[in-house]
Amino acid sequence: MATEIPPRPDYAPAPAVIEAEQEPTRGDRIKAAFTEQKSHASARVKDWLNTGDIDEVAAIHLATEAKQRKHDQAVAQQERHAAQAHARFAVAKAQSEQDNSTISASSLARLAGDVAEADAKLEALRARVVLPPNDREIDRARHGKRAGRAAVVAAGGLGSLPLTGAAIEQTANGQPMILAALGVAAGYGWYLVSRPFDAGQPAPAPTEQLAAPVVDMTKPEPQPGVREFNAPPPPACTVPQLEEALRKIGMLKGDDQLAVLAVPQREKDGNTTVVFDLPAGQTVAKLQDKIEEFAGGLGRDSTMVDIEKAGSAVRTSLWITDQDPFEDARPSPLLKKPTQINAWKDGVPTSWNKRGRTILLPVRSSNMAIGGTTRSGKGVGASNVVVGASFDPRINLRIVAGKENAEWNAYAKAGVAATYFKPDPDRLLALLEALIVDMKRREAELNRLGKSKLIEPVIEELGGLELIVIDELATYTRTGKRRRDELMEHMVNLASVAVGAGIMFVVITQYPNADVFPNELAINFGTRWAMRVDTAKQSNAILGDGSAGQGRDASKFDPPRPGLGWLVNPFAGVTDKARSFDLDEDDRGEITMLLEKSAKIRERAGRLAGQWEDPIERHLLNATGLSSAAGGPKRDGVPGRNVLNHTPEQRMQMDALRGCLAAMNDLGRDVAQLDEMAQIIGGSMTKERLGELLRAGGAGGVTKIVIEGRGRTTGYERADIADALKLLEGQ
């Protein structure tokens, strides 16, 4: 029997064998950890590429910023175009002033028109509101973000390709710190993306033990000279407050809720805009009719709340401010940039709305009525309209004053008023009759051109636009006034059918009632501007029956401000409160200053009074024997003998006579020589040409005169010059 050998009591497997059976190797652990990290990184990168970190509100903000950038780029591009137009005009103007210039007057006028068009487009772009994004634009912004991130990943993949040995050696030898920095950055970046996807904020690195920071709950005392950080103020209203205000006025009922697209958030100017969809059965128009009650529900005046349709009938853009936007007066933008404008296409700057945007009222296809009590600002509002219209040389201004004062004299003195006269019902009747004749001429011309109404390309071919301004309408249309019925009949006739031929009215009255502004006339006025009045009935007389019941009541301005009124204009898309720009003539002479600028524009276009054949004034001259062109002989609104119906040569003679009188004023003498007067007159005037004009104008030839310090010489005396001018002007 074999002897059994007992096992050695100290026998055991080698330690390395036990470790291999019970625990994975270090390499296995690293591999498993790396696999888990790759899964976390893959999930995080996939979510990042799918913009999972961008919620709906963030997407709306992205889309809003994209629209604003696009708008800013358009403004910047138009600014470049405008600057180029100004530069071309300046160069051409400088060349035209040189001798033997090849720049024609028509070319210079065309370049001036290009400047005006570029400036008008720029102002229109600047005034254009950037509406909140719609659903398609929000989706486009999210897709754009995805594409951008995909491009980043693609670029990162190319950048992570191994460096060649030569490049590594060159980098290591030249900048050894770059490799170290890249290594640290890469390691920390891998840690950020490889941590568990739901872990939230990055935890401390495994090799570091960070002590929890001690939080001091006491508010430190402010240090002198150190600005304290303050969080931005809360929104002007919250969504619950908004819903509550809508429920109070019946726009939200039962379980109805708002679909808020752009959450309330204060903008840089401190105002708040929120975009939301009303529930089914409600519309933006209905909410606009209840703006007074709605503003009260939000704890504000209606001047602090603005409602616009943002696309569909239910999508609402609500703007809220904490300060009355009409509190401070604003100057006309024309004072800053008095350039030629296109009143037909772009409109004239007259006022601003609640959001501070300039309102451009087009002089096109609409009569305008402006009403309000004494000192309500209706005159300033009308001045904004008429001064603005003067910057379009295609508009023939016919001004009929309602008082004997000098309120409208500046238009005559500048020569921009084709017709201007003080209260005279007989002359107004003759003017209306002339306009009826001209309307028939225009309609015949439109028929020849195959047009049903006036369009911009044929404005000049028809003789321009006719704008008849009648101040203090009650002077002519109140019951019992002489020739009231005849005047009313002609005005109703013109207001109803002449607009399509380019003949329009601007009427102003401080007695807005059915007697002065009857419905058969008012119905033909598409543009209404109601300043402060005494009663809702007077407000309705301007704005239309039922307007006060819909919230548009000009008797309820609190507080009333000069120039603040309810403005309705279908072409400008305005039905809201607006305040006219401040234009002062008596104290600051701003109207005269602007009219001098517009007169230069008209002079270059050949449209100053007396520069063109005016059929309306010719009719008035034939009918009355008196001229009211540019306000009559003295340019003060008093018609007189034919002043401006002279030949071009006669007009040059009168200019020469006036220049000589001005030269004598400069010299401080009642006598002067030809050469010194020609030098003061300047321009292309020479001694010989001045002598020809003075002799032809009736001043005779030179005579013996005595000038102190020179003795006897030859020249002209003031009395001879003044008598010739008086005779030539027909006084």
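Computed from a predicted structure; not experimentally measured.
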**Q** Do M439 and I503 come within less than 4.5 Å of each other through their side chains, counting heavy atoms only?
**A**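 In contact.
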
**Q** Mark yes or no for whether K403, through its side chain, and K422, through its backbone, hold a donor-acceptor pair below 3.5 Å.
**A**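 Checking the backbone N and O of K422 against the side chain of K403, no donor-acceptor pair under 3.5 Å is found.
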
**Q** Using only atom types and a distance under 3.5 Å, with no angle test, would you say the side chain of S627 pairs donor to acceptor with the backbone of G640?
**A**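 Side chain of S627 to backbone of G640, a donor-acceptor pair under 3.5 Å: no, none is there.
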
**Q** Going through the distances and angles, do I591 and S383 end up as a side chain to side chain contact (heavy atoms under 4.5 Å, CB included)?
**A** CA-CA 8 Å; I591 291 178; S383 293; 3.9 Å; yes

**Q** Roughly how far apart are E596 CD and I601 CD1, rounded to 0.5 Å?
**A**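 E596 atom CD to I601 atom CD1 measures 12.5 Å (nearest 0.5 Å).
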
**Q** Backbone N or O of G701 within a donor-acceptor pair of the D720 side chain at under 3.5 Å?
**A**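 Not confirmed, D720 side chain does not pair with G701 backbone.
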
**Q** Can you tell me how far apart CD1 (I370) and CE (M531) are? Round to the nearest 0.5 Å.
**A**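 Rounded to the nearest 0.5 Å, the CD1-CE separation comes out at 6.0 Å.
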
**Q** Of the non-hydrogen atoms in R528 and F525, which two are nearest, and what is the gap between them?
**A**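 Closest approach of R528 to F525: NE-O, 2.5 Å.
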
**Q** Charged N to carboxylate O below 4.0 Å: is that the case for R561 and D324?
**A**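 Counted as a salt bridge, because a side-chain N and a carboxylate O are separated by less than 4.0 Å.
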
**Q** When C660 is tested against each of L725, L690, L693 for side-chain contact (heavy atoms from CB on, under 4.5 Å), which residue passes?
**A**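 With C660 as partner, side-chain contact (heavy atoms from CB on, under 4.5 Å) holds for just one option, L690.
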
**Q** Could you check whether E585 and T592, counting side-chain N and O atoms only, form a donor-acceptor pair closer than 3.5 Å?
**A**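 Yes, E585 and T592 have a side-chain donor paired with an acceptor closer than 3.5 Å.
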
**Q** Taking atom CD of E327 as the centre, does the number of heavy atoms from other residues, nucleotides or ligands within less than 6.0 Å exceed 12?
**A**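 Counting neighbours around CD of E327, more than 12 heavy atoms of other residues, nucleotides or ligands fall under 6.0 Å, so yes.
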
**Q** Considering only heavy atoms from C-beta outward, does the side chain of R427 approach that of S628 to under 4.5 Å?
**A**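 Answer yes - side chains close enough.
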
**Q** Mark yes or no for whether E603, through its side chain, and A599, through its backbone, hold a donor-acceptor pair below 3.5 Å.
**A**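 Not confirmed, E603 side chain does not pair with A599 backbone.
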
**Q** Is there a side-chain contact between M368 and M504 in this structure, where contact means two heavy atoms from C-beta onward sitting under 4.5 Å apart?
**A**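 They are not in contact (no side-chain heavy atoms under 4.5 Å apart), so the answer is no.
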
**Q** Can R710 and E676 be counted as an ion pair, charged N to O under 4.0 angstrom?
**A**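 Yes, charged N to carboxylate O under 4.0 Å.
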
**Q** Does the E472 side chain pair with the main chain of T509, one donor and one acceptor, at a distance under 3.5 Å?
**A**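 Not at all, since once roles are kept as given, no pair shorter than 3.5 Å links the two residues.
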
**Q** Taking the six-membered ring of W352 (Phe, Tyr or Trp), confirm whether the NZ or CZ of R579 is under 6.0 Å from its centre and within 45° of its axis.
**A**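 Not flagged: R579 not positioned over aromatic ring of W352.
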
**Q** Is a side-chain N or O of E617 found less than 3.5 angstrom from the main chain of D614, in a donor-acceptor match?
**A**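 No; judged by distance alone, with no hydrogens or angles, the pair does not exist.
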
**Q** Quick check: do T358 and F581 have side-chain heavy atoms less than 4.5 Å from each other?
**A**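 In contact.
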
**Q** After noting the C-alpha distance and the side-chain angles of D438 and I616, does the key distance pass the side chain to side chain contact (heavy atoms under 4.5 Å, CB included) rule?
**A** CA-CA 8 Å; D438 194 53; I616 304 299; 3.8 Å; yes

**Q** Going by atom types only, do S366 and T527 share a side-chain donor-acceptor pair under 3.5 Å?
**A**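 Yes, because at least one side-chain N or O of S366 sits under 3.5 Å from a partner of the opposite role on T527.
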
**Q** Answer yes or no: is there an ion pair linking D582 with R588, defined by an N-O contact shorter than 4.0 Å?
**A**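 Salt bridge between D582 and R588, a charged N being under 4.0 Å from a carboxylate O: yes.
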
**Q** Could you check whether any side-chain heavy atom of K634 comes within less than 4.5 Å of a side-chain heavy atom of V638, counting everything from C-beta outward?
**A**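 Result no, sub-4.5 Å side-chain heavy-atom pair not found.
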
**Q** Between Y420 and V400, does a side chain to side chain contact (heavy atoms under 4.5 Å, CB included) hold up when you go through it step by step?
**A** CA-CA 6 Å; Y420 170 52; V400 182; over 6 Å; no

**Q** Could you go step by step and tell me if L674 and E688 meet the side chain to side chain contact (heavy atoms under 4.5 Å, CB included) rule?
**A** CA-CA 8 Å; L674 269 176; E688 292 73 20; over 6 Å; no

**Q** Which pair of heavy atoms, one from S390 and one from V387, lies closest together, and at what distance?
**A**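 For S390 versus V387, the nearest heavy atoms are OG-O, 2.5 Å.
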
**Q** Looking at every non-hydrogen atom in both residues, tell me the closest pair between I359 and A578 and how far apart they are.
**A**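 Minimum heavy-atom contact is CD1-CB, 3.6 Å.
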
**Q** Does one side chain, of R398 or T419, offer a donor that lies under 3.5 Å from an acceptor on the other?
**A**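 Checked: R398/T419 side chains pair up, N/O donor to acceptor below 3.5 Å.
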
**Q** Please check if atom CD in E460 has more than 12 non-hydrogen atoms from other residues, nucleotides or ligands closer than 6.0 Å.
**A**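 Counting neighbours around CD of E460, 12 or fewer heavy atoms of other residues, nucleotides or ligands fall under 6.0 Å, so no.
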
**Q** Could you tell me if D392 and W344 have a donor-acceptor pair between their side chains, going purely by distance under 3.5 Å?
**A**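 There is no such pair between these side chains.
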
**Q** Does K597 reach the side chain of F391, with side-chain heavy atoms less than 4.5 Å apart?
**A**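 Contact flag for K597/F391 side chains = yes.
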
**Q** If we count only N and O atoms by modelled type, under 3.5 Å, do the side chains of R532 and T373 hold a donor and an acceptor together?
**A**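 Checked: R532/T373 side chains pair up, N/O donor to acceptor below 3.5 Å.
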
**Q** Applying salt bridge (charged side-chain N to carboxylate O under 4.0 Å, His left out), run through E445 and R442 and close with a yes or a no.
**A** CA-CA 5 Å; E445 188 65 15; R442 289 167 174 261; over 6 Å; no

**Q** Is there a side-chain contact between P639 and T624 in this structure, where contact means two heavy atoms from C-beta onward sitting under 4.5 Å apart?
**A**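 Answer no - side chains too far apart.
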
**Q** Tell me whether K440 at atom NZ has more than 12 heavy atoms from other residues, nucleotides or ligands lying less than 6.0 Å away.
**A**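 Incorrect, the count does not exceed 12.
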
**Q** What is the minimum heavy-atom distance between R635 and A412, and which atoms define it?
**A**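 Looks like CD-O, 3.3 Å.
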
**Q** Do other residues, nucleotides or ligands put more than 12 heavy atoms under 6.0 Å from E456 CD?
**A**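 Atom CD in E456 is crowded, with more than 12 foreign heavy atoms closer than 6.0 Å.
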
**Q** Checking E717 against T703: is there a side-chain donor and acceptor pair closer than 3.5 Å?
**A**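 Side chains of T703 and E717: no pair found under 3.5 Å.
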
**Q** Return yes if some donor-acceptor pair links the side-chain N/O of R441 with the main-chain N/O of L462 below 3.5 Å, else return no.
**A**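 Yes, because the side chain of R441 sits within donor-acceptor range (under 3.5 Å) of the backbone of L462.
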
**Q** Looking at S580, is its backbone amide N or carbonyl O close enough to the side chain of N384 to form a donor-acceptor pair, meaning the two atoms are under 3.5 Å apart?
**A**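 Pair absent, no side-chain N/O of N384 close to backbone of S580.
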
**Q** Please check if atom CZ in R482 has more than 12 non-hydrogen atoms from other residues, nucleotides or ligands closer than 6.0 Å.
**A**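 Yes.
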
**Q** Measure the spacing between CD of E466 and CG of L431 and express it to the nearest 0.5 Å.
**A**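 Rounded to the nearest 0.5 Å, the CD-CG separation comes to 8.5 Å.
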
**Q** Where is the tightest heavy-atom contact between T475 and G402, given as atom of each residue plus distance?
**A**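 Closest heavy-atom pair between T475 and G402: OG1-O, 3.4 Å.
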
**Q** In Å, rounded to the nearest 0.5 Å, how long is the span from NZ of K687 to CD1 of I681?
**A**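 Answer for the NZ-CD1 pair, K687 versus I681, is 14.0 Å.
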
**Q** Can we say D655 and R658 salt-bridge, meaning some charged N sits less than 4.0 Å from an Asp/Glu carboxylate O?
**A**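 Salt bridge flag = yes for R658 with D655.
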
**Q** Considering all heavy atoms of both residues, which atom of D346 and which atom of L360 are nearest to each other, and what is their separation?
**A**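 Here D346 and L360 meet closest at O-CB, 3.3 Å.
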
**Q** State, with a plain yes or no, whether a side-chain heavy atom of Q673 is found less than 4.5 Å away from one of I707.
**A**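 Yes, their side chains come closer than 4.5 Å.
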
